[in-house]
Every structure is written in structure tokens, then in C-alpha cells.
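Sharing a structure, written as C-alpha cells. Questions coming.
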Amino acid sequence: MIKPSSMQTMTQPPSPQTQQTQQHKEDDQKSLVFDASVFRYQTEIPSQFIWPDHEKPCKNTPELQVALIDLGGFLSGDKEAVAKASQLVGEACQKHGFFLIVNHGVDNKLIADAHCYMDDFFGMPLSEKQRTERKAGESCGYASSFTGRFSSKLPWKETLSFSYSAEKGSTNFIQDYFCDKMGEEFKEFGRVYQDYSKAMSTLSIGIMELLGLSLGVDRAYFNEFFEDNDSIMRLNYYPPCQTPEQTLGTGPHCDPTSLTILHQDEVGGLEVFVDDQWHSVTPNLNSFVVNIGDTFMALSNGKYKSGLHRAVVNSETPRKSLAFFLCPRDDKVVKPPSGLVDTSSPRKYPDFTWSMLLEFTMKHYRADMKTLQAFSNWVQQKSNQKL
């Protein structure tokens with residue numbers, strides 16, 4: 001039996017002081033803005049950026065020996081180069097989903113210009129960058145961490161994301177986007193990233209040919225699937241942090257997209273989870289880091305792994321990277337080719353479109369290492385509700 005005094009305690013409304021404290025917490029969350037020009041000098045960072053102990057950066061992470069793929073040799077048709085590239089990429093994608101591409105054919109000046117304009121953008125005052133601010137539920141625009149979306153385990157970074165379409169008639173899509181958002185003075189800025197995104201789209205088609213061959217399907221199968229891709233380009237900026245051991249630039253996750261082509265500067269910070277521990281990926285300015293994402297994992301019927309990775313920060317030097325996320329056209333149905341499905345390898349994931357997975361990660365789920373399985377369950381639940 002509950003005593004009257006206990007019942008009074010249970011039903012008693014919060015005191016004005018408790019309500020005021022709670023209101024302050026809510027106001028603090030609403031007003032939290034990640035201004036890198038200020039936060040980079042703070043010796044005590046906001047609690048929202050402090051990660052749980054078991055997820056904090058590790059000291060002395062071993063270096064990951066990443067397969068080096070000569071893409072030019074593969075595309076030249078040289079039989080020995082083709083066989084070697086196919087073997088190396090197959091082994092890497094079955095183990096952890098990461099490999100390096102060299103002899104890629106992308107103009108070095110274009111890469112340098114893309115890095116240079118990134119310095120210019122992230123060096124602007126916060127109010128200027130916010131002219132292209134990313135809206136809730138959208139994948140494009142400027143984001144200062146994810147303060148408007150999440151309240152804990154925030155990433156120590158700024159990003160600028162924009163769409164790229166490989167369809168004909170989209171020649172100046174990115175250039176027009178920046179002129180509209182930032183003004184005509186950003187025309188050259190937009191042109192550089194239009195050209196860079198186009199180069200990444202072309203590069204990704206070559207990589208897809210290699211992936212198709214390594215999986216034992218027609219070399220042209222994935223080329224055709226992605227030739228009219230609707231992809232995402234992202235500029236990442238990780239400012240210095242005075243307590244880098246407490247936070248992460250990007251938390252552990254697998255990319256929900258199909259393929260990521262990353263060019264990182266010389267600072268370093270990318271880590272990949274392999275054999276139950278984190279490994280660092282040493283920067284190589286002459287290469288692109290490529291990793292498999294969830295969508296391609298589904299396309300391969302689970303034969304190739306979506307790589308689990310994260311980014312760490314340091315107390316002295318900003319880190320920058322250019323990430324191109326290859327995605328199929330929004331309405332294309334993602335399902336593996338028939339050659340990858342049989343009685344010993346039945347379907348692992350349901351049919352879906354990229355627009356469905358994008359909506360799931362934008363509105364319902366924070367991308368992590370279990371995104372694809374959580375999404376598959378969500379799709380199945382929606383299908384059952386229609387029955």
C-alpha cells in the first residue's frame with residue numbers, strides 16, 4: 001500500500017527551480033552553434049561533443065595496409081594488370097571494404113583547386129557560410145556539426161554538401177546552385193566543384209567496372225546501373241580541438257551510399273575498423289581512398305562489406321577532405337544481379353530505391369554500423385503494414 005506522503009511525492013509537480021533548470025538545458029541545446037573559429041581555441045568543449053569512453057579515440061592505432069589498385073592498368077586491358085586489380089579489390093572488399101586507387105587519370109590541378117576553394121569557404125565568417133545552410137531533413141547545404149539535429153555525440157566538423165546529377169542537361173547544376181545561394185561571385189567556385197564532381201562520376205564508373213569483374217558479373221552491369229547517377233559531393237573540414245581525446249570528427253559509421261571516393265589532405269585522421277580494432281589510413285596525395293557503402297553491399301548481396309570507419313581530430317592542424325558519394329538514380333530499384341543469388345546465397349536484403357534509404361537516414365535513423373540492417377527491418381515493416 002502506498003503511503004499518502006509517498007503519493008504526494010509521486011504526484012507533486014516539478015519545482016520552479018527544476019523547471020527553470022530544464023528550460024535552460026533546452027535553451028542551451030537550441031542555441032548551441034558550432035563556430036569553428038571560436039571552438040578551436042576552447043580548452044573545455046561542450047558536453048554534446050564529448051563521446052562515451054568506449055568510443056573515444058585510441059592512442060597509437062596501427063596503420064592499415066590498404067590495397068593499392070592501378071586503375072589505369074586495369075582500364076588499359078592488360079591481362080596481368082586486370083587479373084591483379086580484380087584479385088586485390090575482391091580481397092579488400094570481402095575483408096573491410098577499403099582500397100586505394102592510383103593512376104586514376106584525374107587532373108592534379110583540379111584536385112588542388114578543389115582543396116584551395118575549400119580553404120576559402122570554411123575560412124569565411126559563420127554568418128556567410130550559413131547563407132547556404134542545410135535545412136532539416138535535407139542532405140545538401142552547409143552544416144556546422146549536426147547541432148540542429150542531434151543533442152549528443154556531435155561530430156567536431158563542418159561540412160558543405162551538394163548534389164550532382166550525371167544526366168544530360170545537368171551541365172551547370174552545381175554552378176547554378178552556388179550562384180543562387182551565395183551570389184554570382186561564387187560562379188568559379190561552383191565551376192570547380194562541377195568539374196570535380198564530373199571527374200569523380202567518371203572515375204566511379206571505371207571502379208564499378210572493376211567491382212563487377214571481381215564479383216564475376218558482366219563488367220558493364222554496374223556501369224549501366226550508375227551511368228545516370230544522382231550523387232552527393234561533400235567538403236569536410238575538421239578544425240583543431242584542444243581536447244581531441246574527448247571527441248571525434250566523425251563517429252563510427254558505414255556510408256549508406258554505394259561508393260565513396262575520398263581525397264584527404266596530408267594531415268590524416270581517417271580510421272577503419274578491422275579485426276576488432278581501429279587502424280589508421282595514412283594519407284597519400286597521389287591516390288583516392290575508396291570504400292564500399294551500404295547500397296553496394298546490398299547490390300552485391302552482402303558479398304562485399306560496407307566499411308566501418310570514423311575520423312579523429314588533433315589539437316594543432318585543421319584537416320580537410322573531399323568526399324564523393326556515388327548513388328544510383330533516385331527511382332532505380334536496388335537489387336543484386338541474378339548471378340549473385342542462388343540457393344547457397346539467398347537474398348539478404350529487400351528491394352529498395354536510393355530515395356527510400358536516403359529518407360531513412362535523413363529523417364528516421366542516424367547512420368552507424370547497423371544502418372543497412374535497421375533499414376531492411378524498416379522496409380519489411382512498411383511492407384507488412386500494406387498487407
Exercise: identify the closest heavy-atom pair between F98 and V289: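 Closest approach of F98 to V289: CD2-CG1, 3.8 Å.
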
Parallel, tilted or perpendicular, as decided by the 30° and 60° cut-offs, for the rings of Y117 and F189: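 F189 vs Y117 ring planes: perpendicular.
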
Closest non-hydrogen atom pair between P283 and V267, with its separation: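 Closest heavy-atom pair between P283 and V267: CG-C, 4.2 Å.
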
D119 side chain vs F122 backbone, donor-acceptor pair below 3.5 Å: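 Side chain of D119 to backbone of F122, a donor-acceptor pair under 3.5 Å: no, none is there.
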
Worked check of side-chain hydrogen bond (donor to acceptor under 3.5 Å, both in side chains) between T353 and D330: CA-CA 6 Å; T353 61; D330 286 355; over 6 Å; no

Linked, directly or transitively: L357 and L308 (ILVMFWY side chains, under 4.5 Å):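 Result: no, two separate clusters.
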
Over 12 non-hydrogen atoms of neighbours within 6.0 angstrom of NZ in K332: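 Counting neighbours around NZ of K332, more than 12 heavy atoms of other residues, nucleotides or ligands fall under 6.0 Å, so yes.
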
Donor-acceptor under 3.5 Å (H309 side chain, G307 main chain):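 Present.
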
CG-OG distance between L358 and S139, expressed to the nearest 0.5 angstrom: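 It is 5.0 Å, given to the nearest 0.5 Å.
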
Spacing of OG belonging to S214 relative to CZ belonging to F74, to within rounding of 0.5 Å: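 Nearest 0.5 Å value for the OG-CZ distance: 8.5 Å.
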
Between Y177 and S163: side-chain donor-acceptor atoms closer than 3.5 Å: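 There is no such pair (donor and acceptor under 3.5 Å, judged by atom type) between the side chains of Y177 and S163.
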
Pair E158 + K129, salt bridge at N-O below 4.0 Å: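 A salt bridge is present here (some side-chain N lies under 4.0 Å from a carboxylate O).
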
Point-to-point distance, once rounded to the nearest 0.5 Å, from CZ of F325 to OG of S258: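 Atom-to-atom, F325:CZ and S258:OG are 11.5 Å apart.
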
Between S321 and Y237, a side-chain donor and acceptor under 3.5 Å: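 No pair is found: no donor N or O on one side chain lies under 3.5 Å from an acceptor on the other.
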
Polar contact flag, side-chain donor to acceptor under 3.5 angstrom, H253-D255: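 Result is yes, a qualifying pair exists.
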
Flag, side chain of R219 to backbone of E209, donor-acceptor distance under 3.5 Å: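 Here the side-chain-to-backbone pair does not exist.
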
Pair S345-N301, side-chain donor/acceptor within less than 3.5 Å: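 No, because no side-chain N or O of S345 sits under 3.5 Å from a partner of the opposite role on N301.
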
Atom pair OG/CG of S287 and D70 - distance to nearest 0.5 Å: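 It comes to 12.5 Å.
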
Heavy-atom neighbours of E80 CD exceed 12 at 6.0 Å: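 Atom CD in E80 is not packed in, count stays at 12 or less.
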
Parallel, tilted or perpendicular, as decided by the 30° and 60° cut-offs, for the rings of W378 and F360: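 Judged by the thresholds at 30° and 60°, the geometry between F360 and W378 is tilted.
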
Stepwise side chain to side chain contact (heavy atoms under 4.5 Å, CB included) test for S231 and F324: CA-CA 7 Å; S231 298; F324 180 82; 3.5 Å; yes

Single-linkage hydrophobic cluster Y304~I207, side-chain heavy atoms < 4.5 angstrom: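 Linked, Y304 and I207 end up in one cluster.
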
Side-chain donor-acceptor pair present, H279, H96, cut-off under 3.5 Å: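 Side-chain D/A pair, H279 to H96: absent.
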
Atom NZ of K370: over 12 foreign heavy atoms under 6.0 Å: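 Not more than 12 within 6.0 Å, no.
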
Residue pair K153 / E55, side-chain heavy-atom distance below 4.5 Å: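 Touching, per the 4.5 Å side-chain cut-off.
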
Crowding at NZ, K335 (>12 non-hydrogen neighbours, <6.0 Å):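 Open: at most 12 neighbouring heavy atoms sit under 6.0 Å from NZ of K335.
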
Distance-minimising heavy-atom pair for V82 and G77: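 Distance-wise, the nearest heavy atoms are CG2-C, 4.0 Å.
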
Minimum heavy-atom distance P346-T343, with the two atoms named: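 P346 and T343 have their closest heavy atoms at CD-O, 3.8 Å.
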
Non-hydrogen atoms of I174 and Q194 that approach each other most closely: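 So the two residues come closest at N-OE1, 2.6 Å.
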
Candidate pair D331 and R329, rule salt bridge (Lys or Arg N to Asp or Glu O under 4.0 Å), full reasoning: CA-CA 6 Å; D331 60 351; R329 200 181 65 217; 2.6 Å; yes

Aromatic centroids of F375 and F352 separated by under 6.0 Å: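 Yes.
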
Ring centers of Y193, F162 separated by less than 6.0 Å: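 Judged by ring-centre distance (under 6.0 Å), Y193 and F162 do meet the cut-off.
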
Ring-face cation contact, W278 with R310, 6.0 Å cut, 45° max: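 Because its charged atom sits under 6.0 Å from the ring centre and within 45° of the axis, R310 does stack over W278.
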
Parallel, tilted or perpendicular, as decided by the 30° and 60° cut-offs, for the rings of F49 and F34: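 Correct class here is tilted.
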
Test item: side-chain donor near acceptor, D342 and S344, under 3.5 Å: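 Yes, side-chain donor-acceptor contact under 3.5 Å.
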
Straight-line distance of F226 CZ to S201 OG, nearest 0.5 Å: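 Answer for the CZ-OG pair, F226 versus S201, is 10.5 Å.
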
Donor + acceptor pair across side chains of S145, K157 (<3.5 Å):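 S145 vs K157: no donor-acceptor pair found between side chains.
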
Test item: Q264 and V281 side chains (from C-beta on) under 4.5 Å apart, heavy atoms: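 The answer is yes, as the side chains (C-beta and beyond) meet within the 4.5 Å cut-off.
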
K95 bridged to D275 by N-O distance under 4.0 Å: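 The answer is yes: the pair qualifies as a salt bridge.
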
Donor-acceptor pair, side chain of T61 and main chain of C58, under 3.5 angstrom: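 No, the answer is negative, given that no donor and acceptor are paired below the 3.5 Å cut-off.
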
Exercise: do N377 and Q381 side chains pair donor with acceptor under 3.5 Å: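 Not at all, the side chains of N377 and Q381 share no donor-acceptor pair under 3.5 Å.
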
Verdict with reasoning, T250 to Y238, per side-chain hydrogen bond (donor to acceptor under 3.5 Å, both in side chains): CA-CA 9 Å; T250 301; Y238 303 91; 3.1 Å; yes

Chi angles and distances behind the side-chain hydrogen bond (donor to acceptor under 3.5 Å, both in side chains) call for Q48, S152: CA-CA 5 Å; Q48 294 93 329; S152 64; over 6 Å; no

Any donor-acceptor pair under 3.5 Å from T257 side chain to G293 backbone: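 Judged by distance alone, no pair lies under 3.5 Å.
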
K187 to F178 six-membered ring, cation-pi geometry met (6.0 Å, 45°):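 Checked: cation-pi criterion not met.
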
Euclidean distance, I69 CD1 relative to I101 CD1, rounded to 0.5 Å: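 If we round to the nearest 0.5 Å, I101:CD1 and I69:CD1 are 6.0 Å apart.
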
Distance-only donor-acceptor check, side chains Q242 and T43, under 3.5 Å: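 There is no such pair between these side chains.
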
Shared hydrophobic cluster for V274 and V312 (ILVMFWY, side-chain gaps under 4.5 Å):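 No, no single cluster joins them.
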
NZ/NE/NH1/NH2 to OD/OE distance under 4.0 Å, K198 and D195: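 Result for this pair is no, no salt bridge flagged.
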
Parallel, tilted or perpendicular, as decided by the 30° and 60° cut-offs, for the rings of Y221 and F225: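 Answer is parallel, since the angle falls under 30°.
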
Minimum heavy-atom distance N223-M208, with the two atoms named: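 Between these two residues, the closest heavy atoms are OD1-C, 3.7 Å.
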
N-O pairing of E245 and K59 below 4.0 Å: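 Answer for the salt bridge query: no.
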
